[in-house]
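Notes follow the structure.
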Number of protein chains: 2
Amino acid sequence: MSVTMKMIAKEIGVSVATISHVINGTKKVSEETRRLVLEAIERNNYVPDMTAKNLRRKKTKAAALVISSYPDNYVTKLIHGVGTRARELGYSLMLVNTSENEAYEMEALRLLRANMVDGIILSPATNRIDYLADLQRHLPVVLVNRYDPRFEDIPRVTADDFQAGYDATTHLIQHGHRHIGVIYSVPHVTTTENRLRGYREAILRYGLPFKESWIVRGFGTTEGGRLAVKTLLQQSPEITAIFVLSDHMIIGVVQELRDQSIRIPDDIALIGFGDFEAAAIIDPPLTNVSLQPDTIGRIAFDILANKIVNPEYHKHVSLPTSLIIRKSCGC
Amino acid sequence: MSVTMKMIAKEIGVSVATISHVINGTKKVSEETRRLVLEAIERNNYVPDMTAKNLRRKKTKAAALVISSYPDNYVTKLIHGVGTRARELGYSLMLVNTSENEAYEMEALRLLRANMVDGIILSPATNRIDYLADLQRHLPVVLVNRYDPRFEDIPRVTADDFQAGYDATTHLIQHGHRHIGVIYSVPHVTTTENRLRGYREAILRYGLPFKESWIVRGFGTTEGGRLAVKTLLQQSPEITAIFVLSDHMIIGVVQELRDQSIRIPDDIALIGFGDFEAAAIIDPPLTNVSLQPDTIGRIAFDILANKIVNPEYHKHVSLPTSLIIRKSCGC
DNA sequence: ACCCCTCTTGACGGCGTTTACAAGAAAAAT
DNA sequence: ATTTTTCTTGTAAACGCCGTCAAGAGGGGT
């Protein structure tokens, strides 16, 4: 079928070793044989078999990006950042989406452990990532966004979720809101938890009241956003502002408020989370927390690449977030 | 480092062949040795080396998705569709983004040819995909969206771009528009060309005038959208409706029109292209053509999977599009 | 003793990479 | 001029790990 090194070797009467050396520049080869080899390669359209190469080298020059959440704007840009940096550094990228499903995640990681890739960038489905300790012994891992606080020695790149939650809440408080609701989607992950911590901290700092029922969980889709805000307003009509932690949900939230003729921001102020070009032209333009997912992706891959070369390499990066103030928060 | 089959074999005193048979179920193994083997595998946390397996089997159970465009909503959903179906069928997915860069694309495909994957789903950077004929002889290829009309024997899955362009334009015409502009971003690809053909066909059908200057190319970003619409309105102020072929651009178009205090749809009607949840809550809600990228992805992978098993397999799929009428087109 | 099953095995193959070594030429030393 | 040393260039063979196949071993039945 496909042409192999051996065939090239036979054709021009040199050994396979020589060909390998020409290709990889691992040894000096005379200009003449070199030319001979290159011509034969060109003529036969020869491409060295990656699989064989990988087997021998024990390297694949590939990395995996394992993502759990449904691809919203955030994830898309993360993928783009990782992918771009991977290509720049000569790596291929394997993409695994586990749909917030732990079983899939385990399966995927098990597969990846089998020398399929040189390293993994992981955004886990849950906080309790016990298997990480083991996995990490076999393969460099870098976490993005979500992590397990018990494993401090696994590199990670995150947005400063605590600060983001704190800033957004503070902003609302400073504009007179006293009863601020939160809608989130994925429980038991550090992203959500840290943002909520920031939210609570801000409330505490300003000595404001707080009720558990102001925090509502919903399914992370447009429809989930609708339902969540409906629930929230029913059980806590005192709410005057809502902080929505998910990209997709905020669309549903806006739709539902509009359907109920609740004005934004006059009746309910809104702050969203995530990166989202369209936010600027929504009615009203959406105030939201920007997270730089592209940059997170790039940095994560850089760290991974370093760790592949030097397993001792270790680094935590927490990127600043910024509150992009538009109209939906009423200021 | 990592534990191999040989080590397991030695540990429990069976041959590697037996272990292989247990793992792959290729031959009957007595219940007792079977248990013995499985226990040893479990105990040692053994995972068969994929690379070696791939080399031997001449299969990788992986496919590549090579995309050229910047990840907008459309691409994101396409990736999701392909990825989901891939996992369902037991394949890993390699993602390559070539950023509309032909050189990257060539390089990536060359790499992929080296037995890295069993097949490729490709959305090429350009129409002129001469190398495809050759590539296809080595590896199953399925095209999505974009294709080369000269190669009818390469399977492809596309949206019915012609019909989409025709429908959108017709809709505008039926609502009284006589001077309809188009903003597109990527030239020389069938998607753009077919949509434009549909646009022209509709104009022709209704016996309307047509000027080349109504069709404007812009860079496929938000900023590109701004510039394009500015140019378009300057050189052709008679325009009363615009049909925007790119996801990202339409955001810029809306922004620019708003900045210039041009009302949508009263002064300029707008129809967008692509899938885009936020469209519903933009001011005004955006009428747009929906393309089902998720479905395109799934089908493309199905076809690829079939073609991997049976290289003769061949199929073209053209999916219907639908015009989702909201407010921006003025009806 | 022979045949027939069932289970297990040893050895080979797949395709590059790498290492240790050989052969020949050139340079240096005698 | 001859021997020794040093390079240069090229090679054969081992290696990585698993899958497969033909053949062997062991057990039971007749």
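Labels below follow one simple rule: chain letters A, B, ... track the order of the sequence lines, proteins then strands, and each chain is numbered from 1.
The interatomic distance linking B:N115 (CG) with C:dG16 (P) rounds to 9 Å, in whole Å. When rounded to the nearest whole Å, the span between CZ of B:R57 and P of D:dC17 equals 18 Å. Nucleotide D:dA13 holds its C1' atom 13 Å from the NZ atom of A:K6, rounded to whole Å.
Of the two residues near DNA chain D, A:V16 and B:V16, the one whose nearest nucleotide lies more 5' is A:V16. The residue among B:L55 and B:V14 whose nearest nucleotide of DNA chain C is located toward the 5' end is B:V14.
Within the nucleic acid shown, A:K58 comes within 4.0 Å of sugar-phosphate atoms alone, with no base atom in reach, counting heavy atoms only. Backbone-only engagement by A:N24 is indicated by non-hydrogen atom pairs under 4.0 Å involving sugar-phosphate atoms exclusively. Note on A:T4: only backbone sugar-phosphate atoms sit closer than 4.0 angstrom, heavy atoms only; bases stay farther off.
When the nucleotides C:dC7, D:dT9, C:dG10 are ranked by their closest atom to the side chain of B:S30, C:dC7 comes out on top. Between D:dC18, C:dT9, C:dG16, one nucleotide has an atom nearer to the side chain of B:A52 than all others, and that is D:dC18. Considering only side-chain atoms of B:T33, the nucleotide from C:dT8, C:dT17, D:dG19 that sits closest is C:dT8.
In the interface, the side chain of B:K27 is paired with the base of C:dT8 through a donor and an acceptor atom under 3.5 Å apart. For D:dG16, the base has no donor-acceptor partner in the side chain of A:R56 [N/O atoms by modelled type, under 3.5 angstrom].
The phosphate of C:dG10 (OP1 or OP2) has no side-chain N or O of B:S15 nearer than 4.0 angstrom. Between B:S20 and D:dC18, a side-chain N or O to OP1/OP2 separation shorter than 4.0 Å is absent. Between C:dG16 and A:Y46, a contact under 4.0 Å exists linking OP1 or OP2 to a side-chain N or O.
A side-chain donor from one of A:Y74 and A:N145 sits under 3.5 Å from a side-chain acceptor of the other.
Taken to the nearest 0.5 Å, the OH atom of A:Y131 stands 9.0 Å off from the CG atom of A:D148.
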